[in-house]
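To start, the structure under review is shown below, and the notes come after it.
Chain letters run A, B, ... following the sequence lines, proteins first, then strands; residues in each count from 1.
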Protein chains: 2
Amino acid sequence: MAQVKPMRADARRNYERLIEEAAVAFAEHGEGASLDDIAKRAGVGSGTLYRHFPNRQALLEAVYVDAIEAIAMRADEIAARLPPGEALVEWLNELSERMIQVRGLKTLLGSAVTDGSSAVLTACGSSVKGAATRLVEAAQREGTVRPDVEPIEILRLAHGVATASELANGEGKHIRRYLSLLTEGLRPERRRADGGPGPEN
Amino acid sequence: MAQVKPMRADARRNYERLIEEAAVAFAEHGEGASLDDIAKRAGVGSGTLYRHFPNRQALLEAVYVDAIEAIAMRADEIAARLPPGEALVEWLNELSERMIQVRGLKTLLGSAVTDGSSAVLTACGSSVKGAATRLVEAAQREGTVRPDVEPIEILRLAHGVATASELANGEGKHIRRYLSLLTEGLRPERRRADGGPGPEN
DNA sequence: ACCTGAACACCGTTCAAGT
DNA sequence: ACCTGAACACCGTTCAAGT
């Protein structure tokens, strides 16, 4: 299942070179980097780039799949270390940080949580959605997150928090701050400072 | 003070025609509409467009100043009708709605609340910042908004909310929902359901 | 003082010709 | 089957020449 059709040796080499150079170019010039330039740097004709990646989105995704999968896996690592509520916040923090630090990742993840997102991107974003769902539902069972919020809503709001932090300054210095302003709204109204949702009557 | 240098009649006419056509083009093709096309539709050479508007941002701003001023003025209308806390939320709702409905306005207002925003845009965004400041401070005096949040932070978060709603679907159906998830975090933790911040000791 | 529009550099995308 | 690169259409931006 790994490879439906084994690529011809030269095709495979070109494919990999393109991804390498695309990663460099995106990091250097942002997600709008010249596709022609990427092809040239990879030592292939521009037509070859289009053969492998029909549009910029496809190339962006190929470049960032690993980073996206890594984010999804971090969710479980964090969940094993922290109580559900804190784990969710911590993961959202890392997610937002990466969206700002890795140029192009924000737009890509944005399309992944958009209502009418393409089938290609749905596949790529689904592991992130899965991770979010696990964290959110655990926190809801724990009682630290409102039971009426959907995981996808939280992902979209994290995207919003990243956007807000980006406005504040280029890097992600304000993520924690904006995230805390948001999470307070995600919690059920607290009646007490101590633990346990003590029965009222 | 209205006009430092009265423009030559033809220049003034071109200036206005450009803004008119730019408004149509931005509404039709988004904020990335072809500048050359706008010049052609306005019946002027492309150089004339650049003479009046050195870059796309300048043109966008000229097209949307009125809309931006209108938003700022709405703040006072709403403040006269509702208690401070509700007024803020209502205004943020209208602000976010317009950011989504009027193409290009979101990016423009985004630059206005960005840390290192250009001098041109600062001038244009300052009335919005003023409006936000009045509403936020009134709500803080009333005790319905945390005293440690800055107006500019709330403007950035509203931008984030608009972004999140945009991901949810093209129009702004989810703004109220996402805004309420946020505002819960803007309120000081409620100890009581009844009014008045009763003195603790 | 202002306008015009050709000219330039740079894109993305396609496709006939090659291997 | 895959690659090449010229060709095309379309940008933004500049600037010499015009009024």
Side-chain angles (χ1 to χ4, degrees), chain A residues 2-63 103-104 107-108 111 118 120-121, chain B residues 2-63 103-104 107-108 111 118 120-121:
Chain A
Q3 203 71 359
V4 178
K5 245 187 191 177
M7 274 167 135
R8 219 168 69 177
D10 56 344
R12 165 136 216 90
R13 205 171 44 238
N14 285 337
Y15 180 86
E16 278 160 5
R17 291 275 302 126
L18 278 167
I19 291 186
E20 281 174 42
E21 292 301 335
V24 175
F26 288 147
E28 212 168 314
H29 306 107
E31 52 185 317
S34 161
L35 295 183
D36 197 70
D37 204 54
I38 292 173
K40 274 205 185 69
R41 283 179 192 236
V44 305
S46 45
T48 302
L49 188 151
Y50 282 92
R51 163 169 282 268
H52 288 299
F53 310 99
N55 51 49
R56 162 171 263 113
Q57 187 118 289
L59 183 55
L60 271 169
E61 195 186 349
V63 168
R103 301 176 81 170
T107 314
L108 194 62
S111 332
S118 76
V120 200
L121 265 165
Chain B
Q3 202 71 358
V4 177
K5 245 186 189 177
M7 273 166 134
R8 221 169 68 177
D10 55 346
R12 165 137 216 90
R13 203 171 45 239
N14 286 336
Y15 180 86
E16 277 159 6
R17 289 277 301 127
L18 278 167
I19 291 186
E20 278 173 45
E21 292 301 334
V24 175
F26 288 146
E28 210 167 315
H29 305 108
E31 53 186 316
S34 160
L35 295 183
D36 197 69
D37 204 56
I38 292 173
K40 273 206 186 69
R41 285 178 191 234
V44 304
S46 46
T48 302
L49 187 152
Y50 282 93
R51 162 169 283 270
H52 289 297
F53 311 99
N55 51 49
R56 162 171 262 113
Q57 186 118 291
L59 183 55
L60 271 169
E61 194 185 351
V63 168
R103 300 176 82 168
T107 313
L108 195 63
S111 333
S118 76
V120 200
L121 264 165

message = Can you give me the closest heavy-atom contact between A/Glu31 and A/Phe26, atom names plus distance?
response = O-CE2, 3.7 Å
ask   = Can A/Leu108 and A/Val63 be said to form a side chain to side chain contact (heavy atoms under 4.5 Å, CB included), step by step?
value = CA-CA 11 Å; A/Leu108 194 62; A/Val63 168; over 6 Å; no
task = Taking atom CZ of B/Phe53 as the centre, report whether more than 12 heavy atoms of other residues, nucleotides or ligands fall under 6.0 Å from it.
result = yes
key: Shortest non-hydrogen contact from A/Ala39 toward A/Ser46   = CB-CA, 3.9 Å
request  = Would you check if the side chain of B/Arg51 reaches a backbone N or O of B/Ala11 as a donor-acceptor pair within less than 3.5 Å?
outcome  = no
query = According to the Watson-Crick and G-U wobble definition with distances under 3.5 Å, which dot-bracket string, read 5' to 3', encodes DNA chain C, using [ ] for crossing pairs and | for pairs with another strand?
reply = ||.|||||...|||||.||
inquiry  = Both B/Arg56 and B/Arg8 contact DNA chain D. Taking the nearest nucleotide for each, which residue is further toward the 5' end?
reply    = B/Arg56
task = Please name the pair of heavy atoms, one in B/Ser111 and one in B/Gln57, separated by the smallest distance, quoted to 0.1 Å.
result = OG-OE1, 3.8 Å
note = Judged by nearest nucleotide, the residue sitting upstream toward the 5' end of DNA chain C, A/Tyr50 or B/His52, is B/His52
key: Non-hydrogen atoms of A/Arg41 and A/His29 that approach each other most closely   = NH2-CE1, 3.7 Å
task = Check every nucleotide of DNA chain C for an atom under 4.0 Å from a heavy-atom of chain A, then give the first and the last such nucleotide from 5' to 3'.
result = C/dC11 to C/dC15
ask   = Would a 4.5 Å heavy-atom cut-off, applied to side chains only, mark B/His52 and B/Leu18 as touching?
value = yes
ask   = Among residues 22-48 of chain A, which residues get a heavy atom nearer than 4.0 Å to DNA chain D?
value = A/Gly43, A/Val44, A/Gly45, A/Ser46, A/Gly47, A/Thr48
ask   = Any side-chain heavy-atom pair from A/Ile38 and A/Leu59 closer than 4.5 angstrom?
value = yes
message = Is it the case that the side chain of A/Arg12 and the backbone of A/Pro6 share a donor-acceptor pair, with hydrogens and angles ignored and the cut-off at 3.5 Å?
response = no
